[in-house]
Enquirer: 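Got a structure for you, written out below as structure tokens; questions coming shortly.
Atom set for the values below is all heavy atoms of this structure, side chains included, hydrogens, waters and symmetry mates excluded.
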Amino acid sequence: MAAVMARDGDPTTTFLQLIQNPFKSSFQVNAFWASLGTSIGISAILALLFSVVRPHHNAIYAPRVKHADQQHAPPPVGKGLFAWVSPVLKTKEEILADRIGLDAVVFLRCARMLRNMFIVLSIIGCGVLIPINLLLSSNDEEVDSTFARMTPLNIKVDAVWSQIVCAYAFDIIIMVFIWYNYRAVLALRRRHFQSPEYQMSLHARTLMITDVPPNLRSEEGLMQLTDGVNPTSALPRTTIGRNVKELPAMIKKHEEAVRDLESVLSKYLKNPDRLPVNRPTMRRPRKHKDGLGGSKVDAIDYLTDRIQELEIKIRDVRQTVDKRNPMPYGFASWEAIEHAHAVAYTARKKKPQGTMIQLAPRPHDIIWENVPLSPATRRWRHMVNAFWVTLLTVLWIAPNAMIAIFLSDLSNLGLVWPAFQTSLNENPKVWAAVQGIASPALTSLIYLILPIIFRRLMSRAGDTTKSSRERHVIRYLYFFFVFNNLLVFSLFSAGWGYVSAVIDAKHNHEDAWHAVIDGEFWYKAMSALCQVSPFWVTWLLQRNLGATLDLAQLVNIAWKWFMKTFMAPTPRQSIEWTAPPPFDYASYYTYFLFYATIALCFATLQPIVLPVAALYFAFDSWMKKYLLMYVFLTKTESSGRFWSVVVNRMIFAAILSNIVIALLAKSRGTWTMIFCLVPLPFVMLAFKWYCRKTFDDDMVYYNRGTLTDAEALGPSGPGKGIKRAGDRLKSRFGHPALYRPLLTPMVHKRAAQLLKSIYRGRLSQYDTNVDFSDIAMHAMSSSTPGKTMEGQSSAPFEVVDENQLDFSYYKDRADFRDEFGSGLYGRPEDLISERSQTPRTFMGDSPDSSRASSPSSMLPRKLEGSYEPIVMMGNNRSQEALVDNLNHPAFRNPTPHSNTGPDGAPLYRNDSNESQSRLLHHPQPIAGVNASQTGFHTVDRWRSGGYGPLTQDDEQAAPTSYDYFRGRR
């Protein structure tokens, strides 16, 4: 009937009618069964395919086993078809916390919590509400589908009390699960505080002080600030931030230029036997000030000159950084963790002289460009970000409405498109399958793009840490999804019904207010939610397919195959592809919370959504556990700080579900029922306040009590009360732009010989036409220790052999480790002592650890118990390492440090004569000669005395070597 009216009437009128009621169709049942069948069927096929392929492709499906060290390696998994199931089911979270990190463990606990929660809710929802809705429905209106009969759309007034009772039951169940898991997460956090990794970390005993006034921007000024909130007698070591000027921007440009040069060389030298006739060209950026911007130039020559120019500028700027230009932030570190946390707890609600004193994050978690921002600038950036998010949310309403009208119900499209209506009538089952599969799939594709947009918006929001930025991404994404993709999407027809009623009243010269009152908005809103519920059920069913796609890694495999087959990936890209990929916590947390919110909002309107949600979380909790154990890694560890975000959104979802039930009570029940629902939101808010007061402080702070003077001055725990060789506050919490090694372009070995014919710059390390060639070093062979590498002239490029295009060769290098290595062997630069763990822990247990570098031009540099290969580029970084590092002004000390401790015992500094300590680390006795006669002793003889206690003067007497500040300590 509707189709006939549409064909005979005005298309505009038909379109307006569709907007008012886009979801009413008997088409939904077939779409549900098609979605259920395809989701479960394809998921089972993909899981079986994964089980067959997994044992033969560990580089894709178990990279953590290959690259992680013994401490962080996952449990071994066999080669059997379903051998991966047993470790996933049997491995406890206490073991996983030490191997995959607390963030991953908390994520898995959230997935299990949602799984168990919705299983319990399904029993109540399907066992109580569906029978009541079927038995106590009135026959006043004709219902056209099974889904409509399961909703409370036509229930009697007395039956609404079942909805009220279920609202209380659901809230109680949610609170019980949150409380139980809150206690479990607290136990995990307290266990993490006692772990050796945390006890030996520098950030655990360090505070970050921001918004420091100009008159206190010094080490002494920071001590004055902490004295006002220090409940102990222990004195901290402090360091003030330095102005690194434009160094971060120049290093970023340098990295971009290196990658661009690698890409150009990779494409040009893809087939060394058949080089293109013309050399590659590119357009110079128009922002260049020489007036030649936009003109075409030789790409290889231009990028080479650009890299060399940037390296010279970086070196010059690094030499001009000193203590005379302090920044409004700094760090204070104590010997004991208890002292630092006691100060942080005391200062949590205080702002001495306008400063913010809080626990310091891990050094690699800091967004350094945002730390110096003033509070006013930070507030302004948050306002600008909120504006753009709001604008994007509002602009998305129109396309979202079109999706709600046509994509979720294809029969509506047939009303305005007669040719499609004919095809719809001829093939109803085919189009039902399309609606059940294609519609949710296209919606999901949009959801994959949105996190990328929001993360770019958050990049300039002013957050001081990467983990807090990710938490804000979750907050804004969740707001966008709930408002635009749930509320607007589901209630658009009801809202438009009111708008159309007002428009019709004006056209008929009637009172618009009476049209609003008589419009039955509450019933229309509840009816719209009931009619849209089948779409969300089929959409949640499609999530099972998405979870299995993640397990099978089909998207990543297809992308890498396409790049390797049809494109020309650089050696660096090929190496990065073999590394374990980082886990996108912000996106996956947002999806989990959004799915849970959908299920809770429709729990009483369409109870079948509860077992569908439970099915999804059951599948995904197992699959994500395997992925986090064997595939993904945590790029930036926050030690479970995402938990508070999850709790807040779950409480909001519960309150939103209560509002939906109140809407039902208003449309089908009485005011008494609404009054019975009023206490529920306040109960949930009170529960949140109780959890915050009971658990949050213990989750954040190692201790909260005031320490006695004896406890403050005495050693407590491992690594406390003594001077550790690696405890270098200024270098660990110094801006990485001052010590980050610069990238060197990588080229494939098969194209190395062609560099002489296409590259006009320095190709040999012994080229006398370049500066500093007198101190350049030979490229050492990896196969023959002590011998130079023959037959290759790699400088200023790093030549990579085909069998070395693997992350295992480079996982100990800073340029690869910072991006991919944190979840494989921890963060050695955060430990207070370089000898707190063996080099094997940092380098991994792989037999290839000793070959962590490629056979190219490099200098061995010490990095936390291992040697980091650094390749020289352009202006010869060996000179920079051997000359510029001797006396960097950023840490230039006008007074020499004392070589004796307070007790008169000589102090050992491992960087005072680093070459001596290396050479004598494992000395071999001279045959036939007594060591006492030659004066040649073991390294213990060279280490005079023990470690003395560290004072503020000792810290100011830090080594003056720039190499020390670059992180090789």
Enquirer: OG1 of T548 to CD1 of I45: how many Å apart, nearest 0.5 Å?
Expert: 10.5 Å

Enquirer: As a quick check of understanding, evaluate side-chain hydrogen bond (donor to acceptor under 3.5 Å, both in side chains) for D550 and Y588, giving each step before the final call.
Expert: CA-CA 11 Å; D550 285 341; Y588 285 112; 3.1 Å; yes

Enquirer: At what distance, to the nearest 0.5 angstrom, does CD1 of I598 lie from CD of Q606?
Expert: 13.5 Å

Enquirer: How about Y630 and W84: are their ring centres within less than 6.0 Å of each other?
Expert: no

Enquirer: Does K625 reach the main-chain N or O of V88 with its side chain, forming a donor-acceptor pair under 3.5 Å?
Expert: yes

Enquirer: Do W643 and Y182 have ring centres separated by under 6.0 Å?
Expert: yes

Enquirer: Nearest 0.5 angstrom please: I100 CD1 to E637 CD, how far?
Expert: 9.5 Å

Enquirer: Apply side chain to side chain contact (heavy atoms under 4.5 Å, CB included) to the pair L600 and L121, showing each step before the final yes or no.
Expert: CA-CA 9 Å; L600 290 176; L121 295 178; 3.8 Å; yes

Enquirer: So which heavy atom on I130 is nearest to which on I608, and how close?
Expert: CD1-N, 4.4 Å

Enquirer: Under a 3.5 Å distance rule, please check whether H67 uses its side chain to pair with a backbone N or O of T578 as donor and acceptor.
Expert: yes

Enquirer: So, Y595 versus W539, ring centres under 6.0 angstrom or not?
Expert: yes

Enquirer: With side chains defined as the heavy atoms from C-beta onward, is the minimum distance between Q553 and V631 less than 4.5 Å?
Expert: yes

Enquirer: Is it the case that the side chain of S667 and the backbone of L664 share a donor-acceptor pair, with hydrogens and angles ignored and the cut-off at 3.5 Å?
Expert: yes

Enquirer: Does E93 pair with R112 as a salt bridge, N-O distance under 4.0 Å?
Expert: yes

Enquirer: If only atom types and distance count, is the side chain of R54 paired as donor or acceptor with the main-chain N or O of A62 below 3.5 Å?
Expert: no

Enquirer: So, taking the atom named CG in N181 and the one named CZ in F177, what distance separates them when rounded to the nearest 0.5 Å?
Expert: 8.0 Å

Enquirer: Can a donor-acceptor pair be found, under 3.5 Å and without considering hydrogens, that links the side chain of R64 to the backbone of F632?
Expert: yes

Enquirer: Rounded at 0.5 Å granularity, tell me how far CG in L114 sits from CE in M650.
Expert: 5.5 Å

Enquirer: Would you say the side-chain atoms of D620 pair up with the backbone N or O of Y616, donor to acceptor, closer than 3.5 Å?
Expert: no

Enquirer: What about the rings of F480 and F454, do their centers lie closer together than 6.0 Å?
Expert: yes

Enquirer: Locate the shortest heavy-atom distance separating F592 from A111; write the atom from each residue and the value.
Expert: CE2-CB, 3.5 Å

Enquirer: Taking the side chain as every heavy atom from C-beta outward, state whether F479 and R475 have any pair of such atoms under 4.5 Å apart.
Expert: no

Enquirer: On a heavy-atom basis, which atom in C530 and which in T151 lie closest, and how many Å separate them?
Expert: SG-CB, 3.9 Å

Enquirer: Evaluate the criterion ring-ring contact (aromatic ring centres under 6.0 Å, His included) for residue pair F617 and F118; output intermediate values, then yes/no.
Expert: CA-CA 9 Å; F617 286 117; F118 281 107; 5.7 Å; yes

Enquirer: Counting C-beta onward and ignoring hydrogens, is there a side-chain heavy-atom pair between P152 and V160 closer than 4.5 Å?
Expert: no

Enquirer: For R649 and T597, run side chain to side chain contact (heavy atoms under 4.5 Å, CB included): C-alpha distance rounded to whole Å, both residues' side-chain angles, the deciding distance at 0.1 Å, then the answer.
Expert: CA-CA 8 Å; R649 271 67 195 168; T597 304; 6.0 Å; no

Enquirer: To the closest 0.5 Å, what do you measure between OH (Y168) and CD1 (I661)?
Expert: 10.5 Å

Enquirer: Should F583 and F107 be marked as a ring-ring contact (aromatic ring centres under 6.0 Å, His included) after you check the CA-CA gap, both sets of side-chain angles, and the distance that decides it?
Expert: CA-CA 11 Å; F583 190 76; F107 177 84; 5.1 Å; yes

Enquirer: Using every non-hydrogen atom in the two residues, find where F602 and V609 come nearest and quote the distance to one decimal.
Expert: O-CG1, 3.6 Å

Enquirer: Do N544 and S43 have a side chain donor and acceptor closer than 3.5 Å?
Expert: no

Enquirer: Taking atom types as modelled, find out whether Y585 and T634 have a side-chain donor-acceptor pair closer than 3.5 angstrom.
Expert: yes

Enquirer: Quick one, I132 and I155 - any side-chain contact, counting heavy atoms below 4.5 Å?
Expert: no

Enquirer: Against the six-membered ring of W179, is R183 placed for a cation-pi contact (under 6.0 Å from the centre, within 45° of the normal)?
Expert: yes

Enquirer: In sequence, state the C-alpha distance, the side-chain angles, and the governing distance for V85 and W622, and then conclude on side chain to side chain contact (heavy atoms under 4.5 Å, CB included).
Expert: CA-CA 9 Å; V85 177; W622 296 329; over 6 Å; no

Enquirer: Could you walk me through whether L605 and S533 satisfy the side chain to side chain contact (heavy atoms under 4.5 Å, CB included) test, starting with their C-alpha distance in whole Å, then the side-chain angles of each, then the deciding distance to 0.1 Å, before giving a yes or no?
Expert: CA-CA 8 Å; L605 301 182; S533 60; 5.6 Å; no

Enquirer: Listed by chain and number, what are the side-chain hydrogen bond (donor to acceptor under 3.5 Å, both in side chains) partners of Y626, not counting sequence neighbours?
Expert: none

